[in-house]
Amino acid sequence: MPKVTIDGQEYEVAAGTTILQACQQAGIEIPHFCYHERLMIAGNCRMCLVEVEKSPKPVASCAMPVADGNVILTQSEKAKKARNGVMEMLLLNHPLDCPICDQGGECDLQDQAMAYGFDRGRFEENKRAVSDKDFGPLVATSMNRCIHCTRCIRFLTEIAGVEELGATGRGEAMEITTYVERALGSELSANIVDLCPVGALTAKPYAFVARPWELRKTESVDVLDAVGSNIRIDSRGAQVLRVLPRLHEDINEEWIADKTRFAHDGLVRRRLDRPYIRRAGRLVEAEWPEALDLVAARLRSVPGERIAAISGDLCDAESMYALKELLHGLGVANLDCRQDGAKLDGGNRASYLFNTTIAGIERADACLLVGANPRWEAPLINARLRKRHLQGGFRVATIGPTFDLGFPVEMLGNGGALLNAMVRGEHSWAKVLLGAKAPMIVLGQGALARSDGARILGAGRAIAEGFSMVRPDWNGFNVLHRAAARVAGLDLGFLPGPGGKAVAAMLEGCRSGAVEVLYLLGADEIDLKDIGSAFVIYQGHHGDRGAARADVVLPGAAYTEKDATYVNTEGRVQLARRAVFPPGEAREDWTILRALSGALGRPLPFDSLPALRERMRAAHPVLAHIDQIVPAEWGNFGAIGTVGSASFHYPIGDFYRTDPISRASPTMAQCSEAFGALPDTQPRTGTHG
């Protein structure tokens, strides 16, 4: 390994390490704008100049590998003078409009101009003027501020896989543009706002809303898909003003999806902030004691076999556990957390997890997707698949409708016959899986929610076992969830008990009269238009589909308004933390259920969140392993039989409006209008304007 001397100290670094990386490892700060550790090296801002002995000129440290015996000076007069000159050149055309710039207070240019700049400029000519670009409803542009670092171009090209940004012109005439006017067609596009080191790219919905020092910052997790992206919630007073990514190498690295970032404006619209009771066909306001007493009276008057409960896609583990305990005490066996009817059960944990893990994708060398569109169902997992593709030696194929994942995918066709052939080893792609060292299969909810979903699950298990995907050092069997609550619901056993009904049977029971009371815990993705005269209790935070049919509405808290436990698609248990309080008279869900149990005369055995968690973790120990992957034991699951020949369909038709929060969001409505809800057989192109 090369030995180098940096500012008089000798260090040993790995071969291929750049000078900038060597300095960072030594704890020495080197200013830079264009360099980013997750992007290809560009070397075009020149801010990272250092002096290297025997080199006639200052060296761009981000692009120069170390050599054995290098003597590097980062604080010499030559290096300082070079940086001062570069900073002066960068500020030649900068508008210096910091007081009105949304990047103010978080701007790399501000910080580095203060540390490495000069106190005056010598440029007297007119500054360059560049027209702003329309990048769509999410990213605002002020291209006069652009310093041509090209981070945005490299991110969209390398990470997002959407080659829509580029540079035209040369020198002072260079511009960052989309060539033809169009919105950025990527579900990760707004990450370029975080990457921009100046104020050229800012968040359009956040324009002129707040300054960073006014905001209260809360570390939490995202629940708008099942990835469990780590986020930071910035709030002021009672309102969430923005959501930013938080570093977690094993999940989302430092990126988040656009829906995660911008759907938060739906948290203040269409909110349920007080209880409601239906009288004379209309929902009218009520007091908490009245609403709880009415619910308790109906639950007491109906035998347990005529009561059913469905939990929604955004529910936390604590509320599902509390509802399950409450209803089990009443003899209720009709429980289900699978709104879409996916044929999954809690008998074997490996049968419903993304066992490879998100970070483990980088070890795979072949991947078969079955009825899954990760670009819309889990954009960060799709980005990880693309990252693995860029490393080389990775083939991806899909059985399902044609789509565009942003990297080459072999479209094998659509329909269950292909899956049957794969199980028998008669398809040409079976040879690819057999020859792979670390193959993986991913089953999507669109496949598992079919009437023959259990056989599809069994076919996936047969492929995993027949192609050596399950070994002591590797598990390539994966289920891709899209609901943040689903894995926790399966872990908790929020499923039909002996003689209990699943979702479809519950709704049929409502129509026939076999189910008289239906309890919806944030369940908004089911069709409630024809459920007969069933008494519907809706507990949730938005006036969405469930509340529209409810006879009693109990206002709950959204994910930003409670301390809660969520389990992502790979089985990782994570804690969300309260950033703001629920609006009006809304309450955290577990407290509502605890109060309801008191009204029923069957009080639940906990009065605080720590007490609830203690009991929940004792009953389900896997939920005690916070931010850890607990490998699941392999076993028998799924049904044996031939998969039907019907075509697969993806469950998401509009990426931007998949849940009550995003459906209430004006920003997501603009995105949906801009990009369109395309049929599930077509890729989204991003054309707009």
Side-chain angles (χ1 to χ4, degrees), residues 223 226 228 299 304-305 307-349 351-353 445 448-449 453 479 481-507 509 515 517-526 537-540 546 554 556 559 562 564-569 571 573-574 576 588-590 592-594 596-597 604 606 612-613 615-624 632 637 659:
V223 303
L299 292 175
E305 62 269 17
I307 301 173
I310 304 172
S311 65
D313 292 349
L314 306 183
C315 293
D316 57 280
E318 288 85 354
S319 62
M320 287 188 285
Y321 175 77
L323 181 59
K324 176 188 171 187
E325 293 298 299
L326 174 66
L327 295 182
H328 274 186
L330 299 175
V332 177
N334 305 316
L335 305 176
D336 207 343
C337 63
R338 306 161 299 181
Q339 284 189 97
D340 55 5
K343 306 306 185 289
L344 296 166
D345 63 64
N348 185 285
R349 198 167 191 252
S351 70
Y352 57 82
L353 291 186
Q445 299 302 301
L448 296 173
V479 171
H481 292 281
R482 63 186 191 89
R486 184 66 51 82
V487 175
L490 294 168
D491 284 343
L492 290 165
F494 200 95
L495 296 164
K501 297 178 173 65
V503 167
M506 290 181 199
L507 299 180
V515 173
V517 177
L518 181 62
Y519 201 114
L520 301 178
L521 182 62
D524 292 287
E525 311 305 324
I526 52 180
I537 305 156
Y538 179 78
Q539 179 179 332
L554 306 177
Y559 74 103
K562 58 188 174 184
T565 302
Y566 292 92
V567 187
N568 76 347
T569 190
V573 181
Q574 298 190 102
E588 294 187 36
D589 293 289
W590 76 267
I592 296 172
L593 294 163
R594 174 61 181 83
L596 177 58
S597 70
L604 291 169
F606 46 79
L612 186 160
R613 284 179 170 169
R615 294 186 66 88
M616 180 179 72
R617 292 168 181 172
H620 307 279
V622 70
L623 297 178
F637 54 84
D659 55 83

Side-chain heavy-atom pair Phe637, Leu344 within 4.5 angstrom cut-off: no
Value rounded to 0.5 Å, distance of CG in Leu353 from OG1 in Thr569: 7.5 Å
Nearest atoms (heavy-atom pairs only) where Val515 meets Ala308: CG1-CB, 3.9 Å
Distance-minimising heavy-atom pair for Lys343 and Ala449: NZ-O, 3.7 Å
Separation of Glu588 CD from Arg594 CZ (nearest 0.5 Å): 15.0 Å
Inter- and intrachain pairs under salt bridge (Lys or Arg N to Asp or Glu O under 4.0 Å), touching residues 316-335, at least two apart: Asp316-Lys562, Glu318-Arg613
Distance in Å, Thr565 OG1 paired with Leu612 CG, rounded so as to fall on 0.5 Å steps: 9.0 Å
Side-chain heavy atoms of Asp491 within contact of His620, under 4.5 Å: no
Distance-only polar pair, side chains of Gln339 and Asp313, donor-acceptor under 3.5 Å: yes
Tyr352 and His481, any side-chain heavy atoms less than 4.5 Å apart: yes
Smallest separation among heavy atoms of Ala333 and Pro498, with atom names: CB-O, 3.8 Å
Residue pair Asn568, Gln574: steps toward the side-chain hydrogen bond (donor to acceptor under 3.5 Å, both in side chains) verdict: CA-CA 8 Å; Asn568 76 347; Gln574 298 190 102; 5.5 Å; no
Heavy-atom closest contact (Tyr566 atom, Ala484 atom, distance): CD2-O, 4.2 Å
Under 3.5 Å: donor-acceptor pair, side chain of Ser319, backbone of Asp589: no
Where Ala317 and Leu492 come nearest, the two heavy atoms and their spacing: O-CD1, 3.4 Å
Cys337: which of Val503, Leu490, Leu521 passes side-chain contact (heavy atoms from CB on, under 4.5 Å): Leu490
For the student: nearest non-hydrogen atoms of Ala309 and Phe494, plus distance: O-CE2, 4.1 Å
Nearest-0.5 Å distance, CZ of residue Phe606 to CG of residue Leu593: 8.0 Å
Nearest-0.5 Å distance, CG of residue Leu507 to NZ of residue Lys501: 11.5 Å
Expected output: side-chain Gln445 to main-chain Ala342 donor-acceptor under 3.5 Å: no
Distance in Å, Leu495 CG paired with Asp336 CG, rounded so as to fall on 0.5 Å steps: 6.0 Å
